[in-house]
Amino acid sequence: MRFGVLGPLAVWTTDGRPVTVPGLKVRALLADLLIHEGRPVPADRLVDDLWGEDLPGNPAGALSAKVSQLRRVLEDAEPGARKLVVSPPPGYVLRVEADTVDARRFLSLTAEAGRTGDPRARAALLADALALWRGPALADFTDEPFTQAVIAHLHEQRLTAHEDHAEARLALGEHTRLAAELGDLLARHPLRERLRAAHMRALYRSGRQTEALHSYEELRVHLADELGLDPGAELIALHRAILAQDPALDPPAVPASPPARPATNLPAPLTGLVGREDAIAEIDALLRADRLVTLTGPGGVGKTRLAVETAWRLTDAFPDGVWLVELAALDRAGALATTTGSLIDAVTTVLDIHDGADPGEPVDRLIGALRPRRLLLVLDNCEHLVEPVAELTELLLRAVPRPARPRHQPGAPRPDR
């Protein structure tokens, strides 16, 4: 399961379905366990956090009842999930993997961003980290004493990530867009000097020197009126450099863009895929040995999500792209009348193979177009078209051999046509 504290408390199943946790005390219990990040929480501490001075008649029994309710909610949402809440003496602990809690993924991404020297990679990692936020941390428990320190800590880390992100984007030459975005952020956090410095640089590099100086003056007034302080030495030096139009403030040379990723029509995932790494690795291994891999299972178990996630991770291995052919749109009511020709039309449409690509019948055009290419085809929602899909895949596997081995990159999986 997945858990969210970067916003209102939230729970999702492994395949992304939201889970409703009823009852304020049960939600507070879950929040308390989450903010302890896998460390046991003594029962008396939980009782104090949940009830404060308004204790129930039997505090231990009341806590045990709330724990049972939480376990039942988790189990109903995902069989086996009740085991996530364990009770080592003298309390309780929620045992979940770090990457299933958004706050811990946020910290992991920001730490990774801090280790890279590439501003483009750093900006991308920080953007992913900031995108995890859905609002103020634990927005539905901001008044609870047991959340105060954690909320303040996460709030500070979020602002630091914004500052790191702004500096990375400045290094990429994104000053024009950044100037407007930072203005909105500074309206909410006017005393952040590092954020202010990035805003001043973005304005100056956008040709807005007067506004950059005004931003400095705005901070100076805020500090004097609210704290009786002056801006820090670094900001004062930046202010003087802007007044002098110091060439050192000019935009840096923008790093070259990385090579374009292979073409694909795969949908971008809305959330991370948790708990399926073993399945992804197994499919990857199968693709190294075989040209055809079939995923089977009951409807709703996540076959499409698994296939798409695996395909995304293989895009670099297929220079001619990774292509999803969605077959659900073919009328299920007329499935028995669906021919191999209909499927060929669907594939040629996705691959944008025109009539002039190769003379002859559609199947000949498709085969002729595929022979020189190294690509991955993902045929999705085949259950109502088993026979024509089997006929098409057999036809392509027989008629389209692998391209010559020199085109295969060492260590990359072999293509599934």
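Small disclaimer: the values here were computed from a predicted structure and weren't measured.
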Exercise for review: Kindly give the heavy-atom pair with the smallest separation between Ala129 and Phe106, and that separation in Å.
Suggested key: O-CD1, 3.3 Å
Exercise for review: Kindly check if the number of other-residue, nucleotide or ligand heavy atoms within 6.0 Å of CG (Asp225) is above 12?
Suggested key: yes
Point to revise | Note: Asp49-Arg45 ion pair, threshold 4.0 Å (strictly below) | key: yes
Revision key, fill the gap. The reported gap from OG1 in Thr296 to NZ in Lys303 (rounded to nearest 0.5 angstrom) is 8.0 Å
Exercise for review: Would you sort out whether Asp76 and Arg71 count as a salt bridge (charged side-chain N to carboxylate O under 4.0 Å, His left out), showing the intermediate values?
Suggested key: CA-CA 9 Å; Asp76 289 345; Arg71 284 172 170 157; over 6 Å; no
Exercise for review: Take His199 and His175 through the test ring-ring contact (aromatic ring centres under 6.0 Å, His included) and record every step on the way to the result.
Suggested key: CA-CA 9 Å; His199 186 228; His175 38 269; over 10 Å; no
Check your understanding: Given Ser108 and Asp99, is the side chain to side chain contact (heavy atoms under 4.5 Å, CB included) satisfied, shown in steps?
Key -> CA-CA 8 Å; Ser108 176; Asp99 64 355; over 6 Å; no
Review point. Just by modelled atom types, is the Val96 backbone N or O under 3.5 Å from a matching donor or acceptor in the Thr100 side chain?
Key: no
Exercise for review: Decide, yes or no, whether a salt bridge links Arg313 with Glu309 under the criterion of side-chain N to carboxylate O below 4.0 Å.
Suggested key: yes
Check your understanding: Atom CG of Leu107 and atom CZ of Arg104: how far apart are they, to the nearest 0.5 Å?
Key -> 9.0 Å
Check your understanding: Does Trp312 use its side chain to pair, donor to acceptor, with the backbone of Pro267 at less than 3.5 Å?
Key -> yes
Practice item. Go through the steps for Asp246 and Arg240 under the test salt bridge (charged side-chain N to carboxylate O under 4.0 Å, His left out), then give the verdict. Key: CA-CA 9 Å; Asp246 189 336; Arg240 290 172 179 167; over 6 Å; no
Check your understanding: With a 4.5 Å limit on heavy-atom distance, are the side chains of Asp128 and Leu132 in contact?
Key -> no
Practice item. List the atom of Thr13, the atom of Ala77, and the distance in Å for their closest heavy-atom pair. Key: CG2-O, 3.6 Å
Revision key, fill the gap. Rounded to the nearest 0.5 Å, the CG atom of Leu178 sits from the CD atom of Glu167 at a distance of 10.0 Å
Review point. Where do Val26 and Lys66 come nearest, in terms of heavy atoms and distance?
Key: CG2-CD, 4.0 Å
**Study point:** Atom of Arg134, atom of Val5 and distance for their closest heavy-atom approach
**Key:** NH2-N, 3.8 Å
Exercise for review: Say whether, by atom type as modelled, one donor and one acceptor occur between the side chain of Ser206 and the main chain of Arg208 under 3.5 angstrom.
Suggested key: no
Exercise for review: Using a 4.5 Å cut-off on heavy atoms from C-beta on, say whether the side chain of Leu327 contacts that of Val325.
Suggested key: yes
Practice item. Could you check Leu126 against Leu109 for side chain to side chain contact (heavy atoms under 4.5 Å, CB included), going step by step and ending with a plain yes or no? Key: CA-CA 7 Å; Leu126 290 166; Leu109 288 168; over 6 Å; no
Review point. If we only count heavy atoms from C-beta on, is the Pro88 to Val86 side-chain gap below 4.5 Å?
Key: yes
Exercise for review: Looking only at non-hydrogen atoms, find the nearest pair between His155 and Trp133 and report the distance.
Suggested key: N-CH2, 4.4 Å
Exercise for review: State, with a plain yes or no, whether a side-chain heavy atom of His239 is found less than 4.5 Å away from one of Leu243.
Suggested key: yes
Check your understanding: Does the side chain to side chain contact (heavy atoms under 4.5 Å, CB included) test come out yes or no for Leu375 and Val322, once each step is laid out?
Key -> CA-CA 6 Å; Leu375 55 80; Val322 175; over 6 Å; no
Only pairs under 3.5 Å count here: list side-chain donor-acceptor contacts from residues 27-41, not counting sequence neighbours, and write none if there are none.
residue, atom, partner, partner atom, Å
Arg27, NH2, Leu9, O, 3.3
Arg27, NH2, Asp140, OD2, 2.4
Asp32, OD1, His36, ND1, 3.4
His36, ND1, Asp32, O, 2.8
Arg39, NE, His36, O, 3.4
Arg39, NH1, His36, O, 3.2

Study note, to complete from the structure: CG (Leu191) and CG (Leu229) are apart, to the nearest 0.5 Å, by 9.5 Å
Practice item. Output, in order, the C-alpha distance, side-chain angles, deciding distance and verdict of salt bridge (charged side-chain N to carboxylate O under 4.0 Å, His left out) for Arg194 and Glu234. Key: CA-CA 9 Å; Arg194 191 171 162 218; Glu234 292 185 9; over 6 Å; no
Check your understanding: Which residue, Glu218, Glu217, Glu163, forms the salt bridge (Lys or Arg N to Asp or Glu O under 4.0 Å) with Arg196?
Key -> Glu218
Review point. Within the side chain of Asp320, is there an N or O that forms a donor-acceptor pair under 3.5 Å with the backbone of Arg374?
Key: yes
Point to revise | Note, Leu138 side chain near Thr142 side chain (heavy atom, < 4.5 Å) | key: no
Review point. Is there a donor-acceptor pair under 3.5 Å between the side chain of Thr310 and the backbone N or O of Leu306?
Key: yes
Point to revise | Over 12 non-hydrogen atoms of neighbours within 6.0 angstrom of CD in Gln148 | key: yes
Practice item. Would you mind reporting whether Glu144 and Thr147 have side-chain heavy atoms less than 4.5 Å apart? Key: yes
Practice item. Evaluate the side-chain proximity of Leu351 to Trp323: yes if any heavy-atom separation is below 4.5 Å, no if none is. Key: yes
Review point. For Gln157 and Thr110, what are the C-alpha separation, side-chain angles and deciding distance, and is it a side-chain hydrogen bond (donor to acceptor under 3.5 Å, both in side chains)?
Key: CA-CA 9 Å; Gln157 290 175 322; Thr110 55; over 6 Å; no
Check your understanding: To the nearest 0.5 Å, what is the distance between CG (Leu324) and CG (Leu266)?
Key -> 6.0 Å
Point to revise | Exercise: identify the closest heavy-atom pair between Trp12 and Gly4 | key: CZ3-N, 3.6 Å
Check your understanding: Does Glu174 pair with Arg205 as a salt bridge, N-O distance under 4.0 Å?
Key -> no
Check your understanding: Glu181 and Arg169: salt bridge (charged side-chain N to carboxylate O under 4.0 Å, His left out), yes or no, with the steps?
Key -> CA-CA 12 Å; Glu181 295 173 19; Arg169 292 177 64 192; 2.6 Å; yes
Check your understanding: What is the distance from atom CG of Leu84 to atom CZ of Phe3, rounded to the nearest 0.5 Å?
Key -> 5.5 Å
Practice item. Identify whether the distance between the nearest side-chain nitrogen and carboxylate oxygen of Arg82 and Glu75 falls below 4.0 Å. Key: no
Review point. Any side-chain heavy atom of Leu249 within less than 4.5 Å of one from Arg201?
Key: yes
Check your understanding: When you look at Tyr204 and Glu211, which way does the side chain to side chain contact (heavy atoms under 4.5 Å, CB included) test go after all the steps?
Key -> CA-CA 8 Å; Tyr204 181 79; Glu211 293 174 70; over 6 Å; no
